[in-house]
2 protein chains.
Amino acid sequence: MTGTLPTPISTETIARRVAVIKALAHPSRMLIAETLMKGEKCVCDLQALVGADMSTVSKHLTLMRSAGVLTCEKRGLNIYYRLACTCLGSFLRCLDELAPDSEACGTNCCD
Amino acid sequence: MTGTLPTPISTETIARRVAVIKALAHPSRMLIAETLMKGEKCVCDLQALVGADMSTVSKHLTLMRSAGVLTCEKRGLNIYYRLACTCLGSFLRCLDELAPDSEACGTNCCD
DNA sequence: AAACTACTTGGCAATATCGCCAAGCAGATG
DNA sequence: CATCTGCTTGGCGATATTGCCAAGTAGTTT
């Protein structure tokens, strides 16, 4: 169990994680994720929320779905999106506690 | 149509979260975060790990520190970086369970 | 103090992401 | 069937990210 183990994480795992993380790395997509934590919404609802062109919102949703963050279901004329990533809420709340650090250790110290 | 409720999350909160998420949204930075979960490392260690130019690694680290994901401390000739975001581990493990979804609901269905 | 070490910063080209418009498509409705 | 609705896709310019080289800095050693 102890000792020096070679990096036990594969490039594929890293890539998959990055794809999911990137699916959240945009203000509109973060807002969508936050909103969907309260329940499913159709694209038109999310468009109104985000305030961008519907095609833009649709592309955001496609990206998030491809990454596995969202799932969708068609009912009647609308397509309803919902969160697939249940662990997101607690993580985001944790992030909100995190303070940005402007202090450096090297040459770029400010005081 | 669902009820119209005013968005209870501020633009600033969204922006802060996105900054943190972006700090993880790159293969090298994800690998750095994963590695630092096991303990602090100096920049040269991380350079060897990532396999990029030291200046590149340094910029990644600066970005992560600015977002609040890392902290650093200078000891002797080296600068040691460590993870500041304690909730990252459980979130990443959760992400690893998440399956990417290639099935769509609209016109882009494949089968 | 000159040279060295460990790292950061500036600059710039290559690449990726973003967002709008226009066009397309499936299902519902007239 | 023709049209309308809700959404997706293609295309493309605008903007942001990435990574290397070169140059700079603070502390260390000789």
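Remember, it's a predicted structure, so these values are computed and weren't measured experimentally.
Taking atom NZ of residue A/K74 and atom P of nucleotide D/dC7, one finds them 9 Å apart after rounding to whole Å. Between A/M30 atom CE and C/dC18 atom P there is a gap of 13 Å when expressed in whole angstrom units. Atom-to-atom, CG of B/L77 to C1' of C/dA6 comes out at 6 Å; the value is rounded to the nearest Å. Taking atom CG of A/L70 as the reference point, atom C1' of D/dT8 lies 15 Å away to the nearest angstrom. Across the protein-nucleic acid pair, A/I79 atom CD1 and C/dG27 atom P stand 10 Å apart, rounded to whole Å. Distance, B/E73 CD to C/dA6 P: 17 Å, rounded to whole Å. Between B/Q47 atom CD and C/dT8 atom P there is a gap of 11 Å when expressed in whole angstrom units.
Looking at heavy atoms from C-beta onward, A/D96 lies in side-chain contact with B/R17 at the 4.5 angstrom threshold.
Between B/C85 and A/C94 the SG-SG gap reaches or exceeds 2.5 angstrom.
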Write down the protein N/O and nucleotide N/O pairs, taken from nucleotides 17-19 of chain D, whose separation is under 3.5 Å; answer none if there are no such pairs.
from   : atom 1 : to    : atom 2 : distance (Å)
D/dT17 : OP1    : B/K22 : NZ     : 3.2
D/dT18 : OP1    : B/R29 : NH2    : 3.3
D/dT18 : OP2    : B/R29 : NH1    : 3.2
D/dT18 : O3'    : B/H26 : NE2    : 3.3
D/dG19 : OP1    : B/H26 : NE2    : 3.3
D/dG19 : OP2    : B/H26 : NE2    : 3.3
D/dG19 : OP2    : B/H60 : NE2    : 2.8

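The base of D/dC21 sits with one of its N or O atoms less than 3.5 Å from a complementary donor or acceptor on the side chain of B/S55.
Taking only side-chain nitrogens and oxygens, A/N78 never comes nearer than 4.0 Å to OP1 or OP2 of D/dT5. For D/dG6, the OP1/OP2 oxygens have no side-chain nitrogen or oxygen of A/Y81 closer than 4.0 Å. Contact check, A/Y80 against D/dG6: no side-chain N or O comes under 4.0 Å of OP1 or OP2.
A cation-pi arrangement, defined by a distance under 6.0 Å to the six-membered ring centre and an angle within 45 degrees of its axis, is present between B/R75 and B/Y80.
Nearest approach of B/A33 to B/L83, heavy atoms of both residues: O-CD1, 3.8 Å.
Salt-bridge formation is not detected for the pair B/E103/A/R65: no Lys NZ or Arg NE/NH1/NH2 atom is positioned less than 4.0 Å from an Asp or Glu carboxylate oxygen.
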> Where do B/S55 and B/S58 land on the side-chain hydrogen bond (donor to acceptor under 3.5 Å, both in side chains) test, with the steps shown first?
Replying inline: CA-CA 5 Å; B/S55 69; B/S58 177; over 6 Å; no
